[in-house]
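Notes for the one structure printed next.
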Amino acid sequence: MLVRIGEVGGYMQNTLDAVVIGGGQAGLASGYYLQKAGLNFMILEAGNQPTGSWPQYYDSLKLFSPARYSSLPGYPFPKAPNEYPLRDEVITYLRQYAEKFKLPVKVNQKVEHIEVGNGGFDVITIAGDRFRTKTLISASGSFHRPHLPSLPGADSFQGRILHSSDYKHPESFLGKRVVVVGRGNSSVQIAVELANHSNVSLAVQQPVRFTPQRILGLDLHFWLKITGIDAFPFYRIGKEPPSPISVFDLGGYRKKIDNGNPDQRTMFSAFSPEGVVWANGEREPVDIVIFATGYRPHLPFLSGTGALASDSRPLHVAGVSTEVPGLYYVGLSNQRSFASATVRGVGPDAKYVVQNIKRFLKR
Ligand SMILES: Cc1cc2nc3c(=O)[nH]c(=O)nc-3n(C[C@H](O)[C@H](O)[C@H](O)COP(=O)(O)OP(=O)(O)OC[C@H]3O[C@@H](n4cnc5c(N)ncnc54)[C@H](O)[C@@H]3O)c2cc1C
């Protein structure tokens with residue numbers, strides 16, 4: 001049983017085996033394996049439900065993997081195997097997952113900071129609670145700190161500059177001149193959706209490359225799985241998995257871009273007060289620029305523990321901290337494989353981390 005420090009006047013006898021920070025898919029998959037291992041643990045979630053960041057993603061988001069390849073461990077995604085789950089279905093699935101396994105998620109518990117010492121961790125939340133644990137899994141998500149590149153003239157631009165994480169639906173963009181920056185899945189999905197309502201260009205450093213969703217009649221994820229590419233442990237050969245530079249062509253995107261709606265243009269070089277200055281020197285008025293330019297690591301609760309590099313990256317191998325014994329990660333991009341930060345890929349990483357925790361606790 002979990003007891004608050006202060007209420008019992010000494011907490012060592014109530015020390016948990018593990019605390020998981022974050023109740024999204026990474027935290028829940030970790031919880032599944034911690035429970036199977038018979039460990040005494042708690043999942044602390046900042047929000048009011050165990051659904052991760054999915055409610056914040058844009059309304060029309062559809063998973064790029066079909067239901068057959070979109071499950072967390074122990075509970076198949078409840079949808080026809082070849083259909084692609086929608087955002088709200090993922091939200092429902094995560095909620096059901098936490099309930100099905102009765103995972104001990106404590107909501108409205110945003111972790112503020114961690115104290116390392118005496119062979120474990122004190123986890124302090126904004127609500128003022130303090131949890132003592134022997135090991136810690138950071139599963140707080142890789143997509144919380146939007147990255148906006150700095151470009152000349154941005155300060156004087158009179159339109160709106162957004163990050164793709166601000167985009168929810170096309171209504172507020174009706175009839176606007178919009179430039180979407182980036183050549184990944186998010187930029188292409190957003191640009192194509194907006195192009196039905198607005199005048200949209202996709203601004204790219206290099207042309208968008210597409211991966212067909214189906215090869216020889218089978219979904220791409222079938223091939224990723226049977227070839228072993230999806231789960232290949234790049235860390236074992238001392239390399240990072242290659243970042244995906246091609247876009248899953250889920251919605252006839254290639255055809256729409258080839259037809260010029262949205263059109264694809266070489267990245268603009270600067271902002272002007274009214275719009276953008278394209279690479280060929282042409283100045284064009286623009287209302288809104290959306291940067292789909294990724295995210296940077298954001299683990300503020302670990303600052304001061306020595307776990308992070310100077311640029312805030314967690315220092316780890318395959319999710320095991322190289323700096324702080326007993327500290328682990330689940331859900332980092334490219335943590336162990338190409339699929340680490342996906343619904344389908346997070347389970348194997350969680351399993352691996354919990355195996356390490358079991359060994360650590362037996363020392
Ligand atoms: C736009 C977009 C589209 C994507 N599409 C797909 C897709 O189609 N298929 C796919 O498999 N993957 C997709 N992903 C990648 C990935 O599956 C999701 O980002 C997923 O939400 C990651 O889950 P997570 O549990 O690692 O992190 P999150 O979902 O971010 O969950 C982390 C949780 O930790 C909590 N938290 C954070 N800080 C604290 C704290 N200090 N204390 C307590 N709790 C905290 C947060 O509230 C959150 O609930 C997409 C990502 C993005 C951004």
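Whatever order the structure lists them in is the order used to number ligands and atoms, beginning at 1.
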Polar atom proximity, I21 to ligand 1 (N or O, under 3.5 Å): no
A139 contact mode with ligand 1 (heavy-atom cut-off under 4.0 Å): backbone
D349 and R336 ion-paired at < 4.0 Å: yes
Pair Y75 + Y93: ring centers closer than 6.0 Å: yes
V330 N/O under 3.5 Å from ligand 1 N/O: no
R132 with D122: basic N within carboxylate O range, under 4.0 Å: yes
Among A341, S340, G141, closest by any non-hydrogen atom to atom 27 (O) of ligand 1: G141
Under 4.0 Å to a heavy atom of L63 - the qualifying atoms of ligand 1, by number: 7 (C), 8 (O), 9 (N)
Test item, H298 contacting ligand 1 (heavy atom, 4.0 angstrom): no
Geometric cation-pi criterion, R95 with Y97: 6.0 Å, 45°: no
Within reach of ligand 1, part of T51 (heavy-atom separation under 4.0 Å): neither
Where ligand 1 meets Q109 - atom numbers and elements under 4.0 angstrom, heavy-atom basis: 42 (N), 43 (C)
Residue, atom name and distance, where the atom is the protein heavy atom closest to atom 35 (C) of ligand 1: E45 OE1, 3.3 Å
Nearest neighbour in protein (non-hydrogen) for atom 31 (O) of ligand 1: G52 CA, 3.5 Å
Distance flag, aromatic centroids of H221 and F248, threshold under 6.0 Å: yes
Nearest-contact summary for atom 34 (O) of ligand 1 - protein heavy atom, Å: G22 CA, 3.2 Å
Protein heavy-atom partner closest to atom 13 (C) of ligand 1 - residue, atom, separation in Å: W54 CH2, 3.7 Å
Atoms in ligand 1 with a heavy atom of F301 nearer than 4.0 Å: 41 (N)
Candidate with minimal heavy-atom separation from atom 21 (O) of ligand 1, of F64, Y84, Y167, Y57: Y57
Greater than 12 external heavy atoms within 6.0 Å of Q205's CD: no
Atoms in ligand 1 flagged as close to L44, the criterion being non-hydrogen separation under 4.0 Å: 43 (C), 44 (N)
Option with minimal heavy-atom separation from atom 40 (C) of ligand 1, where the choices are V19, V123, L61, V111: V111
Nearest non-hydrogen protein atom, atom 26 (O) of ligand 1: A26 CB, 3.6 Å
Salt-bridge criterion met for R265 and E282 (N-O under 4.0 Å): yes
Whether over 12 other heavy atoms sit under 6.0 Å from K168 NZ: yes
R130 and E115 ion-paired at < 4.0 Å: yes
For atom 36 (N) of ligand 1, closest protein heavy-atom neighbour: S140 CB, 4.0 Å
Region of H144 that comes within reach of ligand 1 [heavy atoms, distance under 4.0 Å]: side chain
D249 bridged to R254 by N-O distance under 4.0 Å: no
Closest protein heavy atom to atom 28 (P) of ligand 1, given as residue, atom name and distance to 0.1 Å: S53 OG, 3.4 Å
Check: H163 ring centroid to Y295 ring centroid under 6.0 Å: yes
Top protein contact for atom 22 (C) of ligand 1, by heavy-atom distance: Q25 NE2, 3.5 Å
Test of ring centre spacing under 6.0 Å for F173 and Y167: yes
Basic-acidic side-chain contact under 4.0 Å: K106, E45: no
